[in-house]
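Each remark here refers to the structure printed beneath this line.
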Amino acid sequence: MKRFHLLLSALILIAASHRADAQKFTLSTNVLDYACLGTMNLEGSYSLSRRWSLSLGAKYNPFTFRSSEPRRQLQLRQHSYSAGVRMWPWHTSSGWWFAGKARYQGYNMGGIVSQATREGDRVGAGLYAGYTHMLGPHFNLEFGLGAWAGMDWYDIYACQVCGLTIDSGKGLFVLPDDIMLALVYVF
């Protein structure tokens with residue numbers, strides 16, 4: 001949680017310390033991530049030119065949902081950080097866009113499909129595409145999809161609370177990533 005607050009504070013300080021030129025900075029949050037067991041998220045971006053922008057993002061989910069059965073709980077905990085670039089064929093903060101991101105994710109998930117829990121670290125890169133609809137001078141609505149791939153170092157436990165390791169290792173992964181419906185504030 002501290003890392004998420006530090007990133008949010010850094011993005012606000014960067015945005016506040018610069019003169020607010022038209023559509024230079026944006027802050028956004030993906031509403032659909034909150035439906036993913038309460039994953040909080042924030043992304044800030046800075047327009048480099050008419051067609052290019054840089055972004056920094058973070059996702060954080062500290063929640064564990066416990067059941068009345070002691071050995072049964074549901075969790076999709078994570079802390080994830082990304083840095084990327086977007087290419088806008090028309091103009092930054094409006095219309096279609098294509099993006100690439102580098103990303104790190106620490107995760108602990110279990111109880112979703114089975115009682116087994118998977119915990120580890122992932123490092124990789126992703127490709128994304130979407131559309132930004134301008135709602136007004138300072139608000140946009142974004143739609144997008146993405147996938148990422150990279151290396152995963154993991155441990156798998158028999159259940160969420162027992163701590164019995166049943167597998168451990170590293171391997172390559174390819175996963176869907178953002179399904180976006182994001183609210184964007186344009187400075």
Side-chain angles (χ1 to χ4, degrees), residues 1-62 76 78-107 121-152 173-187:
M1 188 73 159
K2 288 181 183 178
R3 290 180 185 167
F4 183 76
H5 286 253
L6 286 173
L7 180 65
L8 174 60
S9 298
L11 289 172
I12 291 171
L13 285 174
I14 290 169
S17 68
H18 289 82
R19 190 171 58 103
D21 294 333
Q23 297 189 348
K24 283 286 188 183
F25 294 99
T26 65
L27 282 177
S28 65
T29 188
N30 183 1
V31 177
L32 297 180
D33 269 349
Y34 293 96
C36 189
L37 299 180
T39 301
M40 297 173 278
N41 64 90
L42 184 69
E43 183 171 281
S45 70
Y46 176 74
S47 296
L48 296 172
S49 68
R50 181 176 168 216
R51 295 179 192 247
W52 293 94
S53 63
L54 293 177
S55 65
L56 291 174
K59 293 182 180 188
Y60 182 66
N61 186 335
L76 188 53
Q78 68 168 307
H79 57 101
S80 177
Y81 312 97
S82 63
V85 63
R86 277 190 187 182
M87 194 278 289
W88 303 80
W90 170 245
H91 198 284
T92 56
S93 300
S94 66
W96 293 100
W97 52 265
F98 304 96
K101 290 183 190 176
R103 183 168 166 198
Y104 164 79
Q105 179 187 48
Y107 67 93
D121 296 288
R122 293 182 180 133
V123 176
L127 295 174
Y128 306 83
Y131 184 82
T132 299
H133 178 71
M134 296 173 65
L135 298 174
H138 294 287
F139 288 99
N140 290 348
L141 189 60
E142 281 188 351
F143 306 92
L145 292 171
W148 72 308
M151 185 61 104
D152 184 7
F173 71 90
V174 176
L175 293 171
D177 192 14
D178 283 337
I179 299 173
M180 281 197 320
L181 174 59
L183 297 174
V184 182
Y185 183 78
V186 181
F187 289 91

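Keep in mind the model is a prediction, meaning the values are calculated, not measured.
A heavy-atom distance below 4.5 Å is not found between the side chains of K59 and S82. Proximity of N41 to Y34: side-chain heavy atoms (C-beta onward) are separated by under 4.5 Å at one or more points.
In terms of heavy atoms, W52 sits closest to V85 at CE3-CG2, 3.7 Å. Looking at every heavy atom in both residues, P89 comes nearest to F98 through CG-CE1, 3.8 Å. Between S53 and T92, the shortest heavy-atom distance links the atoms CB-CG2, 4.4 Å. Nearest heavy-atom pair, Y81 versus A58, reported as atom, atom and distance to 0.1 Å: CD2-CB, 4.1 Å. Nearest approach of T132 to S93, heavy atoms of both residues: CG2-O, 3.6 Å.
Ring geometry, F25 versus Y46: the interplanar angle falls from 30° to 60°, so the pair is classed tilted.
Here K101 does not pair with D177 in a salt bridge; the nearest charged N to carboxylate O distance is not below 4.0 Å.
The backbone N or O of L37 sits less than 3.5 Å from a side-chain atom of N61, completing a donor-acceptor pair. A donor-acceptor contact shorter than 3.5 Å links the side chain of N30 to the backbone of I179.
Around atom CG of L32, more than 12 heavy atoms belonging to other residues, nucleotides or ligands sit under 6.0 Å away.
Pairs engaging residues 78-88 under the salt bridge (charged side-chain N to carboxylate O under 4.0 Å, His left out) rule: E43-R86, R86-E142 [sequence neighbours left out].
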- Determine, step by step, whether D33 and T39 satisfy the side chain to side chain donor-acceptor pair (under 3.5 Å) criterion, reporting the C-alpha distance in whole Å, the side-chain angles of both residues, the deciding distance to 0.1 Å, and the verdict. CA-CA 5 Å; D33 269 349; T39 301; 5.7 Å; no

- Query: Going through the distances and angles, do Q78 and R122 end up as a side-chain contact (heavy atoms from CB on, under 4.5 Å)?
  - Reply: CA-CA 11 Å; Q78 68 168 307; R122 293 182 180 133; over 6 Å; no

Quiz: residues 180-187 side-chain donor-acceptor pairs under 3.5 angstrom, not counting sequence neighbours:
none

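Every residue two or more places apart in sequence or in another chain that forms a side chain to side chain contact (heavy atoms under 4.5 Å, CB included) with W96 is listed here: Y131.
Annotation: cation-pi pair R50/W90 present, NZ/CZ under 6.0 Å from the ring centroid and within 45° of its normal.
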